[in-house]
Number of protein chains: 2
Amino acid sequence: MMTEHPQRRTTRQRTAIGEFLAHAGDFRTAQQIHEQLRMGGDRVGLATVYRTLQSMAEGGEVDTVRTADGESAYRRCTTSGHHHHLVCRSCGRTEEIMAKAVEAWAATIAAQHGFTDVTHDVELYGLCARCGATSTR
Amino acid sequence: MMTEHPQRRTTRQRTAIGEFLAHAGDFRTAQQIHEQLRMGGDRVGLATVYRTLQSMAEGGEVDTVRTADGESAYRRCTTSGHHHHLVCRSCGRTEEIMAKAVEAWAATIAAQHGFTDVTHDVELYGLCARCGATSTR
DNA sequence: GTCTTCATGAGAATGATTATCGATCACAAC
DNA sequence: GTTGTGATCGATAATCATTCTCATGAAGAC
């Protein structure tokens, strides 16, 4: 009744990935995580990184977004529950955003068109204050 | 005086892809377009499909979205200008949506966080009225 | 028709993600 | 501490969408 993850073991690798994400503030791709863990001395296989991130995403422990070129990037959620992101397209800094207004809007629109079981995907991209000053886009 | 695209030739292949998109109502991936053109007797290379879609996307002639597994899908815009989509995750039917409210919201949020040059990505996914009745998700 | 230049396409290359599968390790029971 | 068992790991091969290469073909200008 309380075992949500019947068989989920605590391994060195999973711990390492979890801690890495806890420190990294913003989104990282599986490849980046793999490389940086290696450089940090943690010996973790690439396949394991992918597997772990996937299961963490299923469990709602991390957020997932797609980068412009189609790669998946992951981030430890700091806000529980549903939220969106404002990502700097230059430095990757990310702000988590909650907006009831958008949720309500989405629900309304969906209903108007007869859609049910609706989810949505809302991401904002821009240049953060620091990058905006120097960027050439 | 009227050549908006200095060097953009009208070829059999580009015409075929354009017409295909005009008929297809919803989003199609490059692979699908390629396969279906072939089956329809049009001899078009896969690379050409990708190239053409890319240039059409740049020119704002088609919309682009990412499917759940990271593939790009394209659709002939029926609405000019900026808009969003409401996509049925079962049958792929798509509705184009315009929402000033969301635009305004995005701009406001961005400004609050000091972000500039902001774009956004808003897609709604659900089950359309027809699919909703039978689907098991 | 001729010429110049862009477009095409078959196949190779790239790069992220997933699958394979024997070796290894976590952890509960003894 | 030992042991048994099954989940997990990881090196590498396999997949698969997308991009690149470059010789050949076709559009448009004259």
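Order of the sequence lines sets the chain letters (A, B, ...), proteins ahead of strands, with each chain counted from 1. Excluded from the calculations below are hydrogen atoms, water molecules and symmetry mates; all remaining heavy atoms, backbone and side chain alike, are included.
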**Q** Compare side-chain N and O positions of A:Gln54 against OP1 and OP2 of C:dT17 and report whether any pair is under 4.0 Å apart.
**A**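 Negative; the distance criterion is not met.
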
**Q** In whole Å, I'd like the distance from the CZ atom of A:Arg66 to the P atom of D:dA17.
**A**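 A:Arg66 atom CZ is separated from D:dA17 atom P by 13 Å.
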
**Q** So, is B:Arg14 close to the C:dT8 phosphate, meaning a side-chain N or O under 4.0 Å from OP1 or OP2?
**A**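 Indeed, a polar side-chain atom of B:Arg14 lies that close.
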
**Q** A:Glu35 has an atom CD; how far is it from atom P of C:dG15, in whole Å?
**A**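 After rounding, the reported distance stands at 13 Å.
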
**Q** Does C:dA10 have its OP1 or OP2 closer than 4.0 Å to a side-chain nitrogen or oxygen of B:Arg38?
**A**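 So the side-chain polar atoms of B:Arg38 do come within 4.0 Å of the phosphate oxygens OP1 or OP2 of C:dA10, strictly under.
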
**Q** How long is the straight-line distance from CZ of B:Arg75 back to CD of B:Glu96, given to the nearest 0.5 Å?
**A**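 If we round to the nearest 0.5 Å, B:Glu96:CD and B:Arg75:CZ are 4.5 Å apart.
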
**Q** Could you label the plane-to-plane angle of the A:Trp105 and B:His84 rings as parallel, tilted or perpendicular, counting under 30° as parallel and over 60° as perpendicular?
**A**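 Geometry flag for B:His84 against A:Trp105: perpendicular rings.
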
**Q** NA contact type, B:Arg43, heavy-atom cut-off 4.0 Å: base, sugar-phosphate, or nothing?
**A**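 Result for B:Arg43 = sugar-phosphate.
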
**Q** Is A:Ser72 near enough to C:dT17 that one of its side-chain N or O atoms lies under 4.0 angstrom from OP1 or OP2?
**A**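 For A:Ser72, the contact criterion (side-chain N or O under 4.0 Å from OP1 or OP2 of C:dT17) is met.
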
**Q** Under 4.0 Å, heavy atoms only, any strand: does B:Thr29 hit a base, just the sugar-phosphate, or nothing?
**A**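 Answer is nothing: B:Thr29 stays at 4.0 Å or more from every strand.
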
**Q** Please step through side-chain contact (heavy atoms from CB on, under 4.5 Å) for the pair B:His83 and B:Asp63, ending with a clear verdict.
**A** CA-CA 9 Å; B:His83 56 266; B:Asp63 285 333; 2.8 Å; yes

**Q** B:Leu53 and B:Val44: same hydrophobic cluster, using ILVMFWY side-chain contacts below 4.5 Å?
**A**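 Yes, it is one cluster - the side chains of B:Leu53 and B:Val44 are joined through contacts under 4.5 Å.
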
**Q** Under 4.0 Å between any heavy atoms, over every strand shown, what does A:Gln32 touch: base, sugar-phosphate, or nothing? Just pick one.
**A**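 Since no nucleic acid heavy atom lies under 4.0 Å of A:Gln32, the category is nothing.
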
**Q** Is there a donor N/O on one and an acceptor N/O on the other, under 3.5 Å, for the side chain of B:Arg12 and the base of D:dG25?
**A**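 There is none.
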
**Q** Strictly below 4.0 Å: does A:Thr10 bring a side-chain N or O up to OP1 or OP2 of C:dC27?
**A**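 For C:dC27, OP1/OP2 do have a side-chain N/O of A:Thr10 under 4.0 Å.
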
**Q** How close or far is atom C1' of D:dT19 from atom NE2 of B:His34, stated in whole angstroms?
**A**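 About 15 Å, once rounded to whole Å.
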
**Q** Would A:Tyr125 and B:Ile109 show up in the same hydrophobic cluster when neighbours are defined by side-chain heavy atoms closer than 4.5 Å?
**A**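 They do not share one cluster, since no chain of ILVMFWY contacts under 4.5 Å joins A:Tyr125 to B:Ile109.
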
**Q** Check the distance between C:dT8's P and B:Arg51's CZ and give it to me in whole angstrom.
**A**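 Spelled out: CZ on B:Arg51 to P on C:dT8 is 6 Å.
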
**Q** Ignoring backbone atoms, establish whether B:Gln13 has a side-chain N or O less than 4.0 Å from OP1 or OP2 of C:dA7.
**A**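 No, B:Gln13 has no side-chain N/O under 4.0 Å of OP1/OP2 on C:dA7.
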
**Q** Base of C:dC27, side chain of A:Arg9 - is there a donor-acceptor contact under 3.5 Å?
**A**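 Result: no qualifying N/O pair found.
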
**Q** Could you tell me the separation between the OG1 atom of B:Thr48 and the NE2 atom of B:His34, rounded to the nearest 0.5 Å?
**A**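 It comes to 8.5 Å.
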
**Q** Considering only side-chain heavy atoms of B:Tyr50, which listed nucleotide, D:dC9, D:dA17, C:dA10, is closest?
**A**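 That would be D:dA17.
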
**Q** Can you pull out how bent the helix from C:dG1-D:dC30 to C:dC30-D:dG1 is, comparing the axes over its first five and last five pairs, to 10°?
**A**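 End-to-end axis angle: 40°.
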
**Q** Which nucleotide sits closest to the side chain of A:Thr11: D:dT12, D:dC9, C:dT17?
**A**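 For the A:Thr11 side chain, the nearest candidate turns out to be D:dC9.
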
